[in-house]
*Asks:* 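Here it is, the structure, as structure tokens.
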2 protein chains.
Amino acid sequence: MNAKSLLRLPLYEQIKQQILQRVADSEWDSNELLPSEWDLAEQFSVSQGTVRKALTDLVNDGVLYRQQGRGTFVAEPLDDWAGMSMVSPGMLREKPDRLVREFLGIQRGHASDELAATLGLRRGAAVHRIRLLWRQQGQIVALDEVTLPLERFEALDVRWLRQSVGVWAVLQQHFGVRLRVKAEQWRAIGLPREEAQLLHAREGEPALFYLRLAEDMQGQALEWRERWCLTGTLGLSRQQEQ
Amino acid sequence: MNAKSLLRLPLYEQIKQQILQRVADSEWDSNELLPSEWDLAEQFSVSQGTVRKALTDLVNDGVLYRQQGRGTFVAEPLDDWAGMSMVSPGMLREKPDRLVREFLGIQRGHASDELAATLGLRRGAAVHRIRLLWRQQGQIVALDEVTLPLERFEALDVRWLRQSVGVWAVLQQHFGVRLRVKAEQWRAIGLPREEAQLLHAREGEPALFYLRLAEDMQGQALEWRERWCLTGTLGLSRQQEQ
DNA sequence: AAGTGGTCTAGACCACCAG
DNA sequence: TGGTGGTCTAGACCACTTT
């Protein structure tokens with residue numbers, strides 16, 4: 001009836017954004033039950049069908065999940081491996097074991113021309129560079145170098161990175177930004193010296209090199225990530241070392 | 001009003017299946033305009049909203065696409081690289097060049113115990129084994145070995161494989177089955193002898209090894225694929241050979 | 001029994017595209 | 001201008017879960 005469209009955005013889009021905001025602000029925690037569709041409809045002064053459309057979209061985006069007869073809930077925050085193919089050793093049917101993150105550090109730097117173009121930044125724009133190490137059952141399995149536009153994430157706090165489960169979770173919790181993979185590429189390479197040292201592996205040892213561009217739900221590119229992964233074969237040879 | 005549910009399936013599910021069947025039977029070709037939502041609603045004796053729900057699901061599955069003000073169309077058939085990350089050399093923003101398929105052959109074989117379990121088959125069940133080679137700008141970039149349950153695809157015809165753009169397109173066109181990736185895994189390996197020969201590369205040369213399980217829209221596992229990919233680094237060394 | 005999400009209808013108006 | 005998909009409403013009944 002009322003709630004006259006503020007910006008020519010569909011009502012369900014406005015509702016989605018308000019719900020996303022509340023999730024980002026932790027007004028609703030993970031796995032917390034949302035008000036019913038009818039309650040939300042009354043809060044937002046729209047029909048239940050419109051709320052339903054908004055919730056369905058958010059479920060498809062992985063922000064919420066539903067259980068028939070019980071209600072609608074807030075999904076777990078994304079971790080940095082969300083939507084990524086398995087690279088862990090072992091059978092295909094196994095879920096990858098919970099990965100443990102080690103925060104190596106954050107620096108300020110400047111984007112290369114190519115990276116600036118990819119992220120839609122000015123030439124030489126300032127960026128955050130974050131390094132993470134991933135362990136599985138104690139063994140080092142991957143090294144990440146993450147690049148974020150500094151302008152957008154100026155307030156980024158080192159303590160958040162140390163405490164959180166990953167960069168994506170930090171961006172969601174503190175900036176209300178939910179990322180998804182926009183483009184990615186795999187290569188087989190020999191490990192460069194610096195990365196080999198950090199991974200405690202031999203220089204030139206074959207590894208997976210994973211490049212990934214991530215965007216927010218509006219399609220704005222926001223994160224560039226390079227990941228060096230030790231795969232099953234490597235895992236074997238590494239066991240012999242220890 | 002009528003169309004009393006035949007199998008306790010929601011009306012929109014029945015409509016989805018009927019539309020999928022017509023697409024599989026090529027009653028509607030790729031990029032062909034479907035009847036309007038109101039026409040379909042009348043054909044199926046349901047409301048326009050129910051047709052809309054069915055079409056929206058099929059759009060999300062990639063079977064159809066919509067254009068505001070014009071209509072709803074049949075999407076291009078899937079190719080064997082659908083939903084797969086880029087592995088081609090070059091920049092991330094580039095679309096991978098159109099890959100050219102070379103059909104190497106098809107054999108009958110028997111599933112290993114592990115593969116039988118993965119595909120939900122009896123121990124030692126008969127399977128099709130298909131080999132494909134992929135070229136990009138003339139250069140060999142990948143080798144596929146595809147395993148399909150023979151029971152489900154007994155009528156598979158070699159001519160279809162020779163003429164079509166890929167295995168997924170054949171399954172969609174001739175069996176009405178649309179696949180999607182269920183699980184996948186990447187590894188960096190040295191090429192085994194046989195695969196190295198087929199790829200015209202050196203044995204032991206580092207390459208990406210990609211394992212993939214695909215399922216139909218009902219979640220039934222139907223395809224196992226192993227793919228050896230030569231990545232950018234390799235592409236360089238191969239240029240020197242020629 | 002009460003409350004939730006899941007399905008379905010009938011009708012309305014809008015935004016976009018074509019002739 | 002007419003037809004299409006896009007949005008929105010108000011109401012109904014069903015299936016499932018919890019109390």
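Just so it is clear, the structure is predicted and the values come from calculations on it, not from any experiment. Chain letters run A, B, ... following the sequence lines, proteins first and then strands; every chain starts at 1.
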*Asks:* According to the ring-ring contact (aromatic ring centres under 6.0 Å, His included) rule, which pairs have a member within residues 50-70 of chain B, sequence neighbours left out?
*Replies:*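 For residues 50-70 of chain B: B:Tyr65-B:Phe73.
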*Asks:* Scan for salt bridge (charged side-chain N to carboxylate O under 4.0 Å, His left out) pairs involving residues 40-50 of chain A, sequence neighbours excluded, and state none if there are none.
*Replies:*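 For residues 40-50 of chain A: none.
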*Asks:* List in numerical order all residues of residues 66-75 of chain A for which some heavy atom is under 4.0 Å away from an atom belonging to DNA chain C.
*Replies:*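 Those residues whose heavy atoms fall under 4.0 Å from DNA chain C, taken from residues 66-75 of chain A in numerical order, are A:Arg66, A:Gln67, A:Gln68, A:Gly69, A:Arg70, A:Gly71, A:Thr72.
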*Asks:* What residues form a side chain to side chain contact (heavy atoms under 4.5 Å, CB included) with A:Glu76, not counting sequence neighbours?
*Replies:*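 For A:Glu76, the residues satisfying side chain to side chain contact (heavy atoms under 4.5 Å, CB included) (neighbours in sequence not counted) are A:Ser30, A:Asn31.
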*Asks:* Are B:Tyr12 and C:dC8 close enough that a side-chain N or O sits under 4.0 Å from OP1 or OP2?
*Replies:*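 No, outside the criterion.
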*Asks:* A:Leu64 has an atom CG; how far is it from atom C1' of C:dT4, in whole Å?
*Replies:*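 Atom-to-atom, A:Leu64 to C:dT4, this comes out as 15 Å.
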*Asks:* Hey, does the side chain of A:Arg52 come within less than 4.0 Å of C:dG5's phosphate (OP1/OP2), counting only N and O?
*Replies:*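 No, because none of the side-chain N or O atoms of A:Arg52 sits under 4.0 Å from OP1 or OP2 of C:dG5.
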*Asks:* Tell me, which of residues 27-42 of chain A have any heavy atom that sits under 4.0 Å from an atom in DNA chain D?
*Replies:*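 Listed by number, there are none.
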*Asks:* With sequence neighbours left out, what residues match A:His174 under side chain to side chain contact (heavy atoms under 4.5 Å, CB included)?
*Replies:*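 A:His174 satisfies side chain to side chain contact (heavy atoms under 4.5 Å, CB included) with A:Trp160, A:Val170 once adjacent residues are dropped.
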*Asks:* State which residues pass side chain to side chain contact (heavy atoms under 4.5 Å, CB included) with A:Ile130; sequence neighbours excluded, sorted by chain then number.
*Replies:*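 Applying side chain to side chain contact (heavy atoms under 4.5 Å, CB included) to A:Ile130 gives A:Phe103, A:Ile106, A:Leu132, A:Val146, A:Leu148, A:Leu156, A:Leu161, A:Val167.
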*Asks:* Between D:dC8 atom P and A:Ile15 atom CD1, what is the distance in whole Å?
*Replies:*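 Atom-to-atom, A:Ile15 to D:dC8, this comes out as 8 Å.
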*Asks:* Does A:Asp144 come within less than 4.0 Å of A:Arg225, counting only side-chain N to carboxylate O?
*Replies:*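 So A:Asp144 pairs with A:Arg225 through a salt bridge.
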*Asks:* Who passes ring pair (Phe, Tyr, Trp, His ring centres under 6.0 Å) against A:Trp134, sequence neighbours left out?
*Replies:*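 Once residues adjacent in sequence are excluded, the partners of A:Trp134 under the ring pair (Phe, Tyr, Trp, His ring centres under 6.0 Å) criterion are A:Trp81.
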*Asks:* Separation of B:Lys16 atom NZ from C:dT7 atom C1', in whole Å?
*Replies:*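 Rounded to the whole Å, the gap is 13 Å.
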*Asks:* Mind calculating the distance between NZ (A:Lys53) and P (C:dG6) to the nearest angstrom?
*Replies:*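 In whole Å, C:dG6 P and A:Lys53 NZ are 15 Å from each other.
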*Asks:* What residues, two or more places apart in sequence or in another chain, satisfy side chain to side chain contact (heavy atoms under 4.5 Å, CB included) together with B:Ala54?
*Replies:*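 Expected list: B:Tyr12, B:Ile15, B:Lys16.
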*Asks:* Considering only side-chain heavy atoms of B:Thr50, which listed nucleotide, D:dT7, C:dC8, C:dG5, is closest?
*Replies:*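 Among the listed nucleotides, the one closest to the side chain of B:Thr50 is C:dC8.
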